[in-house]
Asker: 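Right, I'll just put the structure down here and ask away after.
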Amino acid sequence: MAAEKKLRVCEKGHIFYKSTDCPSCPTCNQENKPISGFLSKLSAPARNALVHEGIDTLKKLSTYTEKDILKIHGIGPASLPIMRSSLEEEGLSFK
């Protein structure tokens with residue numbers, strides 16, 4: 001049985017439905033998506049989770065282990081190959 005979707009309105013006035021308690025607005029996420037860099041390659045939940053933790057550059061990302069990153073709510077295993085590849089392109093790696 002699918003979860004019931006609830007009508008939400010973000011602080012900018014965008015109207016959307018969500019079946020979870022996540023306050024993330026899909027319209028705002030699309031508007032705020034970077035057009036370049038490693039964050040642009042990630043899903044909105046993964047991108048938001050990293051930014052919330054203050055991880056907005058590859059240099060900062062390289063100071064974490066993969067295990068540390070996976071502990072962050074919003075990051076799943078599917079995001080790791082994207083991050084790993086982005087780090088390698090810049091000659092960096094996870095800690």
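The figures here come from the full heavy-atom set of this structure, side chains too, leaving out hydrogens, waters and symmetry mates.
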Asker: So which heavy atom on Arg47 is nearest to which on Leu39, and how close?
Answerer: CD-O, 3.4 Å
Asker: May I ask you to test the Lys18-Leu7 pair for a side-chain heavy-atom distance under 4.5 Å?
Answerer: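 No, side chains not in contact.
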Asker: To the nearest 0.5 Å, tell me how far Leu61 CG sits from Lys95 NZ.
Answerer: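 So the gap between those two atoms works out to 12.5 Å.
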Asker: Minimum heavy-atom separation for Ser93 and Leu87, please, with both atom names.
Answerer: C-CD1, 3.9 Å
Asker: Could you check whether any side-chain N or O of Ser85 sits under 3.5 Å from a backbone N or O of Ile82, counting only pairs where one atom can act as donor and the other as acceptor?
Answerer: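 Absent.
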Asker: Can you name the nearest heavy-atom pair linking Leu58 to Ser86, along with the distance?
Answerer: CD1-O, 3.6 Å
Asker: Nearest 0.5 Å, please: how far is CG in Asn48 from CG in Asn32?
Answerer: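 The distance works out to 8.0 Å.
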Asker: Rounded to the nearest 0.5 Å, how far does CD of Glu11 lie from SG of Cys25?
Answerer: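 Nearest 0.5 Å value for the SG-CD distance: 9.5 Å.
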Asker: Drop me the distance from Ile75's CD1 to Ser43's OG, to the nearest 0.5 angstrom.
Answerer: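 Answer rounded to 0.5 Å: 7.0 Å.
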Asker: Between CZ of Phe94 and CZ of Arg84, what distance do you get to the nearest 0.5 Å?
Answerer: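 Spacing of CZ (Phe94) from CZ (Arg84) equals 6.5 Å.
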Asker: Can we say Lys60 and Glu53 salt-bridge, meaning some charged N sits less than 4.0 Å from an Asp/Glu carboxylate O?
Answerer: no
Asker: Between CG of Leu92 and OG1 of Thr63, what distance do you get to the nearest 0.5 Å?
Answerer: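 Between Leu92 CG and Thr63 OG1, I get 10.5 Å after rounding to 0.5 Å.
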Asker: Are Leu70 and Thr65 close enough that some pair of their side-chain heavy atoms sits under 4.5 Å apart?
Answerer: no
Asker: Is Lys59 paired with Glu90 through a side-chain N to carboxylate O contact shorter than 4.0 Å?
Answerer: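 No salt bridge links Glu90 with Lys59.
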Asker: Taking the side chain as everything from C-beta on, heavy atoms only, tell me whether Ile15 gets closer than 4.5 Å to Arg8.
Answerer: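 The answer is no, as the side chains (C-beta and beyond) never meet within the 4.5 Å cut-off.
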Asker: Side chains of Glu31 and His14: closer than 4.5 Å at any heavy-atom pair?
Answerer: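 Yes. Closest side-chain heavy atoms under 4.5 Å.
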Asker: Taking all non-hydrogen atoms of both residues into account, name the closest pair between Ser24 and Phe16 and its distance.
Answerer: O-CE1, 3.7 Å
Asker: Is the shortest side-chain heavy-atom distance between Phe38 and Leu50 below 4.5 Å?
Answerer: yes
Asker: Is any side-chain heavy atom of Ser40 less than 4.5 Å from a side-chain heavy atom of Ile35?
Answerer: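 They are not in side-chain contact.
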